[in-house]
Student: 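Quick one: structure below, then a few questions.
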Amino acid sequence: MMQQPPAGGVAPPQSMAADQSQTQQYQQQPQSQPWMMMQQQQQPQAGQPVPPPSGWAPQPVPPPSQMQQYPAGSATAGSSEIRSLWIGDLQQWMDENYLINIFAHTGEVASAKVIRNKQTGLPEGYGFIEFVSRAAAERVLQSYNGVPMPNSEQNFRLNWAALGYGEKRQDEGPDYTIFVGDLAADVSDYMLQETFKAVYPSVKGAKVVTDRTTGRSKGYGFVRFGDETEQLRAMTEMNGIYCSTRAMRIGPAANKKPVTGQQYPKASYQNTQGNPGENDPNNTTIFVGGLDPSVSEDQLKQIFSQLGEVVHVKIPANKHCGFVQYANR
DNA sequence: TATGAGCGG
């Protein structure tokens, strides 16, 4: 029996960011990117651990009763579709109740779990949230990723759970990783991943390195490819390309070389601004995240045309993101 | 500016 939840979409987490005026200001601030207009930057105090808000007592081991109100797999398709999200950068005080409460208003949370160390019982800093459907999970992923978490000064770090319930990890082969530096402060894992995925289908994932204490980006990250050829292409083609508000600087990942030999000298990654053509390094495709559903491709084009000649704009159906391609910059 | 560590029940 299928109980179909109201699939009206996830309400943007406005209430959690009451100090953010994320109203439509498309006409203003021509220098700002859309995702910056829609979610202003919060600047946490550096070097200061986020204190647990009152009402959220640290609980190394929560009462199991809390979790049983939301039995897993209690809704929708028995299929093996992945409908869980991985959530990272959790503070010690963020327990299952916290996670469930965050998304309770969607009415689409099936269960939540914070992973704890078997010996110490202390949280490992990540967890899983299962939703009633993959669509529900995707809505949350699109809406919440990268925006500030309630009662915290850090941003949501969400991603698809790698495994569906009861499935085993499948070895998808080696990873070919690149280092990406000079990232803007608002670039999330997802944004970084999609920026590359739009060009290279073999992209498996991306990670922006953050300060665990503050949750703030350290300004660099990594992108993993399944295909070595695409990795090598990205090294040159994506160097200097904009992600959010800044041009990326790409280099080889320092460790974890999946293939033997062949170290890549840094000099070869300098963008020479040379060879035009279909792989013209001057071509730039920008990923635009956190879009309001009402934004059209034309509007997006107008906004971005202030920064250069836009040759193509694409907003995939049912997504909260888009791609803007410049002729050059 | 610069080279993490993030997948359970």
Side-chain angles (χ1 to χ4, degrees), chain A residues 46 61-62 64 66-68 70-74 80 82-91 94-96 99-100 110-131 137 141 145-146 154-172 175-185 187-190 192-193 203-225 231 234-235 239-240 243-258 263-266 269-270:
Chain A
V61 181
Q66 290 179 353
M67 290 171 273
Q68 273 143 26
Y70 306 89
S74 61
S80 59
I82 297 177
R83 51 181 187 266
S84 294
L85 298 181
W86 180 93
I87 182 169
D89 286 358
L90 295 179
Q91 304 280 1
M94 295 175 175
D95 56 11
E96 281 81 357
L99 296 180
I100 286 171
S111 66
K113 181 159 190 62
V114 171
I115 304 306
R116 294 180 173 78
N117 184 285
K118 286 285 198 301
Q119 275 85 44
T120 67
L122 292 173
E124 297 277 18
Y126 70 94
F128 298 89
I129 306 156
E130 186 188 9
F131 293 85
L141 178 62
N145 209 359
Q154 63 189 87
N155 294 340
F156 278 102
R157 168 163 270 175
L158 293 164
N159 217 325
W160 286 111
L163 313 171
Y165 185 83
E167 290 181 22
K168 289 187 175 170
R169 172 184 290 281
Q170 51 183 0
D171 187 4
E172 293 181 3
D175 286 349
Y176 303 94
T177 304
I178 62 173
F179 172 88
V180 183
D182 214 14
L183 292 176
V187 174
S188 66
D189 296 350
Y190 186 73
L192 185 62
Q193 170 179 316
V203 167
K204 291 181 175 180
K207 166 150 193 196
V208 175
V209 178
T210 58
D211 185 302
R212 275 312 299 266
T213 317
T214 66
R216 294 175 67 182
S217 168
K218 287 187 173 178
Y220 65 90
F222 300 87
V223 179
R224 292 180 295 115
F225 297 78
Q231 175 212 28
M235 289 261 187
N239 194 31
C243 181
S244 182
T245 56
R246 301 181 72 171
M248 297 179 286
R249 294 298 156 194
I250 299 181
N255 50 5
K256 274 272 183 182
K257 278 273 182 279
Q263 299 294 316
Y264 309 107
K266 274 194 173 178
Y269 302 113
Q270 301 302 322

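Numbers restart at 1 for each chain; the letters A, B, ... are given by sequence-line order, proteins then strands. As the structure is a computational prediction, the values presented were derived from the model and not from experiment. Reckoned from all heavy atoms, side chains included, excluding hydrogens, waters and symmetry mates.
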Student: Tell me the closest heavy-atom pair linking Ala184(A) and Ser217(A), and the distance in Å.
Tutor: O-OG, 4.5 Å
Student: Rounded off to whole Å, could you give me the CG-to-P distance for the Asn117(A) and dC7(B) pair?
Tutor: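 In whole Å, dC7(B) P lies 14 Å from Asn117(A) CG.
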Student: Is a salt bridge present between Arg157(A) and Asp89(A), judged by a nitrogen-to-oxygen distance below 4.0 Å?
Tutor: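 Looking at Asp89(A) together with Arg157(A), the answer is yes, because their closest N to O distance falls below 4.0 Å.
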Student: With heavy atoms under 4.0 Å as the rule, sort Gly88(A) into base, sugar-phosphate or nothing.
Tutor: nothing
Student: Remember a base hit wins even if backbone is also touched, and classify Asn159(A) as base, sugar-phosphate or nothing at under 4.0 Å, heavy atoms.
Tutor: base
Student: Check the distance between dG6(B)'s C1' and Leu85(A)'s CG and give it to me in whole angstrom.
Tutor: 14 Å
Student: Would you mind reading off the distance between Asp175(A) atom CG and dG6(B) atom P, rounded to a whole angstrom?
Tutor: 15 Å
Student: In whole Å, what is the span from the CG atom of Leu90(A) to the C1' atom of dG6(B)?
Tutor: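 It works out to 11 Å between those atoms.
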Student: Tell me whether the OP1 or OP2 atom of dG9(B) has a side-chain N or O from Lys118(A) closer than 4.0 Å.
Tutor: yes
Student: Side chain of Phe179(A) only, please: which of dG4(B), dA2(B), dC7(B) is the nearest?
Tutor: dA2(B)
Student: Is there side-chain contact between Asn239(A) and Met248(A), with heavy atoms separated by less than 4.5 Å?
Tutor: no
Student: Using a 4.0 Å heavy-atom cut-off, does Tyr126(A) contact any base of the nucleic acid, only the sugar-phosphate backbone, or nothing at all?
Tutor: sugar-phosphate
Student: Among Leu192(A), Thr177(A), Asp189(A), Val208(A), exactly one meets side chain to side chain contact (heavy atoms under 4.5 Å, CB included) together with Val223(A). Which residue is that?
Tutor: Leu192(A)
Student: Would the base of dG6(B) count as contacting Lys207(A) through its side chain, where contact means a donor and an acceptor less than 3.5 Å apart?
Tutor: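 Indeed, a donor on one side and an acceptor on the other fall under 3.5 Å apart.
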Student: Could you work out which one of dA2(B), dG8(B), dG4(B) sits closest to the side chain of Arg249(A)?
Tutor: dA2(B)
Student: In whole Å, what is the span from the CG atom of Asn145(A) to the C1' atom of dG6(B)?
Tutor: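 For the pair Asn145(A) CG and dG6(B) C1', the rounded distance is 13 Å.
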Student: Nearest whole Å is fine: how far is dA5(B) P from Phe222(A) CZ?
Tutor: 9 Å
Student: Write down the distance between CG (Leu141(A)) and P (dG6(B)), rounded to a whole number of angstrom.
Tutor: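 Taking CG of Leu141(A) and P of dG6(B), I get 19 Å after rounding.
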Student: Do NZ/NE/NH1/NH2 and the carboxylate oxygens of Glu130(A) and Arg83(A) come within less than 4.0 Å?
Tutor: yes
Student: At under 4.0 Å between heavy atoms, what does Arg246(A) touch on the DNA or RNA strands: base, sugar-phosphate, or nothing?
Tutor: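 Base, at least one base heavy atom under 4.0 Å.
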Student: Measure from the side-chain heavy atoms of Asp182(A) and tell me the nearest of dA2(B), dG4(B), dG6(B).
Tutor: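 Shortest atom-to-atom distance from the side chain points to dA2(B).
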Student: Tyr220(A) or Asp189(A): which one's nearest nucleotide on DNA chain B is closer to the 5' end?
Tutor: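 That would be Tyr220(A).
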Student: Give the rounded distance in Å between these two atoms: CG of Asp211(A) and C1' of dT3(B).
Tutor: 16 Å
Student: Just confirming the chi classification of dG6(B), syn or anti, using 90° around 0 as the syn window.
Tutor: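 Anti.
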